[in-house]
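Structure first, commentary second.
Ligands are counted one by one from 1 in listed order, and the atoms in each one are counted from 1 as well. For reference, positions follow the sequence shown, starting with 1.
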Amino acid sequence: MNVKEELNKLPLEAKSPFELRVNLGRELPESDVRTALATGDMGFLHSFTTGSTVDGPGVRVVAWTTGCQFRCLYCHNPDTWTMSNGIPVTLEKATTELRKYRAGLKVMSGGFTLSGGEPLMQDRFAVKLLSAAQAMGIHTALDTNGSLGDRLTDAELDKIDLVLLDIKSWDAKRHRRLTGMEVGPVLDFARRLAALRRPIWVRFVLVPGLTDDLEDTAQIARFSASLGNVERVDVLPFHQMGRFKWKELKLDYKLADMRTPTLESVERACAQFRAEGLKAF
Ligand code: SF4
């Protein structure tokens with residue numbers, strides 16, 4: 001059996017996104033990786049999970065891609081940072097997998113969410129898979145850190161019914177310290193989606209002492225409200241479910257002793273978004 005045949009036999013479905021997966025695509029020849037990225041006929045997936053109720057409207061099937069250029073201090077899936085940790089999956093196999101759920105997703109008013117990692121690291125695959133899902137009549141969502149939005153044309157954005165946009169911080173310095181990357185492209189992508197009237201759900205991870213600065217949250221709230229296309233905001237309390245992954249991967253986890261935010265601080269952040277007229281949960 002050759003490398004590709006062996007990889008095709010690996011199970012796509014994970015029990016949860018917290019399953020640690022590493023080096024699954026390492027054996028794939030470099031030339032195949034380059035072709036895959038250029039054509040989008042193959043992608044690298046950590047896994048598929050089913051039954052999510054937190055990654056878009058209704059019940060969702062979620063495909064978790066590998067590859068991310070951010071290095072968020074609170075990332076709970078650092079095994080998705082490296083593309084070669086994922087299973088190389090042909091577009092055909094991913095589409096066939098998704099087709100199995102089409103009828104059920106319709107009944108449950110759900111859909112398909114492409115998450116990661118950062119899905120737009122594999123922008124050609126992302127576009128092809130989301131287009132295939134939409135062509136099957138499945139509602140499509142892209143969960144993204146927003147910094148690679150430039151890779152998609154306006155016509156390609158039409159294939160995405162909803163963008164789940166992570167805004168991690170407003171302040172440029174804090175954003176850099178938190179993620180290693182600039183916030184500007186994220187905000188530019190949000191503005192572009194607003195100009196195109198494409199719906200956004202903002203996701204904001206609340207970490208005590210890191211992202212709970214009241215003025216910072218207020219700025220994100222004001223910005224989100226000013227866009228006019230933000231349908232809701234999810235305030236996501238930091239948790240430690242990914243701590244074991246940092247340890248297994250021998251990464252320096254700076255938040256090992258970080259506590260989860262109090263209910264009051266989560267409610268306070270939600271209230272800041274609501275004060276700007278947004279729905280926040
Ligand atoms: S953008 Fe998401 S996947 Fe990438 S490092 Fe941040 S939390 Fe992790």
Side-chain angles (χ1 to χ4, degrees), residues 14 16-22 24-25 43-49 52 54-56 60 62-87 113-123 125-126 141-152 163-172 174-190 200-208 210-212 220 233-256 258 260-261:
S16 90
F18 296 109
E19 201 172 300
L20 179 72
R21 293 189 165 189
V22 289
L24 296 173
F44 295 81
L45 293 182
H46 174 277
S47 55
F48 260 72
T49 52
S52 165
V54 294
D55 297 295
R60 319 289 298 181
V62 184
W64 307 88
T65 60
T66 48
C68 186
Q69 79 288 41
F70 278 29
R71 291 292 178 264
C72 300
L73 295 179
Y74 56 68
C75 183
H76 55 239
N77 282 318
D79 52 336
T80 63
W81 290 352
T82 309
M83 209 172 292
S84 61
N85 275 351
I87 307 173
T113 301
L114 192 61
S115 185
E118 170 46 51
L120 297 186
M121 292 285 283
Q122 308 177 41
D123 53 289
F125 180 70
L142 173 74
D143 178 17
T144 176
N145 65 34
S147 66
L148 299 175
D150 277 0
R151 292 187 174 188
L152 303 187
V163 174
L164 308 176
L165 182 67
D166 302 339
I167 302 184
K168 294 163 190 298
S169 174
W170 178 264
D171 178 75
R174 186 180 285 118
H175 191 276
R176 221 174 289 128
R177 207 168 51 234
L178 199 61
T179 68
M181 301 295 285
E182 300 296 328
V183 69
V186 181
L187 304 180
D188 286 346
F189 185 47
I200 294 178
W201 287 13
V202 167
R203 309 184 113 188
F204 173 62
V205 180
L206 191 69
V207 193
L210 275 184
T211 66
D212 59 354
I220 298 173
V233 178
D234 286 300
V235 175
L236 309 171
F238 166 77
H239 60 71
Q240 289 285 13
M241 285 169 81
R243 178 165 50 188
F244 79 97
K245 290 192 173 186
W246 288 77
K247 193 166 174 221
E248 292 286 328
L249 296 168
K250 299 190 176 19
L251 294 167
D252 178 20
Y253 186 39
K254 302 227 175 340
L255 307 192
M258 177 64 75
T260 54

Inset, instruction - Please name all residues satisfying side-chain hydrogen bond (donor to acceptor under 3.5 Å, both in side chains) with S147, sequence neighbours left out, ordered by chain then number. - result: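 S147 satisfies side-chain hydrogen bond (donor to acceptor under 3.5 Å, both in side chains) with Q69, N145 once adjacent residues are dropped.
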Legend entry - Residues in side-chain hydrogen bond (donor to acceptor under 3.5 Å, both in side chains) contact with W81, at least two apart in sequence or another chain: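 Listed in chain order: nothing, the list is empty.
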Inset, instruction - Only counting residues at least two apart or in another chain, list the ones meeting salt bridge (charged side-chain N to carboxylate O under 4.0 Å, His left out) with D188. - result: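 For D188 the salt bridge (charged side-chain N to carboxylate O under 4.0 Å, His left out) partners, ignoring immediate neighbours, are R191.
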Inset, instruction - For the pair H76 and H239, name the ring-plane relationship: parallel under 30°, tilted 30 to 60°, perpendicular over 60°. - result: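 Judged by the thresholds at 30° and 60°, the geometry between H76 and H239 is parallel.
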Legend entry - Of T66, I87, L20, the residue whose pairing with H46 passes side chain to side chain contact (heavy atoms under 4.5 Å, CB included):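 Among the candidates, only T66 passes.
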Inset, instruction - Using 2.8 Å as the cut-off, count the protein N, O or S atoms closer than that to atom 4 (Fe) of ligand 1. - result: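 Protein N, O or S neighbours of atom 4 (Fe) of ligand 1 under 2.8 Å, waters not counted, come to 1.
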Inset, instruction - Within a distance under 4.0 Å of any heavy atom of K168, pick out the atoms of ligand 1 and give their elements. - result: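 The atoms of ligand 1 under 4.0 Å from a heavy atom of K168 are 1 (S), 6 (Fe), 7 (S).
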Legend entry - Proximity of H76 to ligand 1 by residue part, where a heavy atom lies under 4.0 Å: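 The answer is neither.
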Inset, instruction - Drop me the distance from F189's CZ to R151's CZ, to the nearest 0.5 angstrom. - result: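 Answer for the CZ-CZ pair, F189 versus R151, is 12.0 Å.
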Legend entry - T65 and E118 side chains, donor-acceptor separation under 3.5 Å: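 Short answer, no.
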